[in-house]
Amino acid sequence: MTESSTDDRGAARGGPLRTLWDAVVRFVGDALVLTLWVVFLTLVFLETAWPRWAFYGLLLGGVAVYVSITVPWIRGRSTSGR
């Protein structure tokens, strides 16, 4: 691959500022979703007095499901530019 074709592809995708913006938006979105999940579980478990081990199991399980759903979106987007 020549240097000019790399520059053309980078320009077509928006360049480094676009990449930085996408990363910031992704980080903020992930932080918001995970924060809402933690708050929801905390409120449910404080109200119902369920065991602590179930809280941590659901917390980690929810994060694992979220990651398994969203990771293919990133991989698909990064290979679609080729």
Side-chain angles (χ1 to χ4, degrees):
M1 184 180 263
T2 65
E3 186 176 334
S4 63
S5 65
T6 302
D7 292 341
D8 293 341
R9 191 176 65 183
R13 285 189 276 160
L17 289 178
R18 176 64 182 189
T19 302
L20 179 63
W21 175 252
D22 288 345
V24 168
V25 169
R26 175 70 186 194
F27 178 78
V28 170
D30 288 347
L32 179 65
V33 168
L34 295 177
T35 300
L36 290 174
W37 178 242
V38 171
V39 169
F40 171 74
L41 282 180
T42 301
L43 293 175
V44 167
F45 275 78
L46 286 174
E47 185 67 30
T48 60
W50 289 345
R52 188 176 293 181
W53 60 265
F55 171 81
Y56 288 112
L58 285 173
L59 181 67
L60 292 174
V63 170
V65 168
Y66 177 75
V67 168
S68 69
I69 290 172
T70 58
V71 165
W73 296 346
I74 295 172
R75 287 185 186 151
R77 183 171 49 181
S78 66
T79 58
S80 65
R82 292 183 182 183

Under 3.5 Å, sequence neighbours excluded: what are the donor-acceptor pairs made by side chains of residues 45-53?
residue: Thr48; atom: OG1; partner: Val44; partner atom: O; Å: 2.8

Open item on the list: Looking at Tyr66, I'd like to know if its OH atom is crowded, meaning that more than 12 non-hydrogen atoms belonging to other residues, nucleotides or ligands lie closer than 6.0 Å.
Closed with: yes
- [ ] Determine whether more than 12 heavy atoms belonging to other residues, nucleotides or ligands lie under 6.0 Å from atom CG of Leu43.
- [x] yes
Open item on the list: For the CZ atom of Phe27 and the CG atom of Leu32, what is their distance to the nearest 0.5 Å?
Closed with: 11.5 Å
- [ ] Using the test side-chain contact (heavy atoms from CB on, under 4.5 Å), find all partners of Val38 that sit at least two apart in sequence or belong to another chain.
- [x] Thr42, Leu59
Task: Under the side-chain contact (heavy atoms from CB on, under 4.5 Å) test, residues paired with Val63 that sit two or more places apart - done: Leu34, Val67
Task: Any Leu41 side-chain heavy atom under 4.5 Å of Trp37 side chain - done: yes
TODO: Report whether Val39 and Phe55 are members of the same hydrophobic cluster (ILVMFWY, side-chain heavy atoms less than 4.5 Å apart, transitive linking).
DONE: no
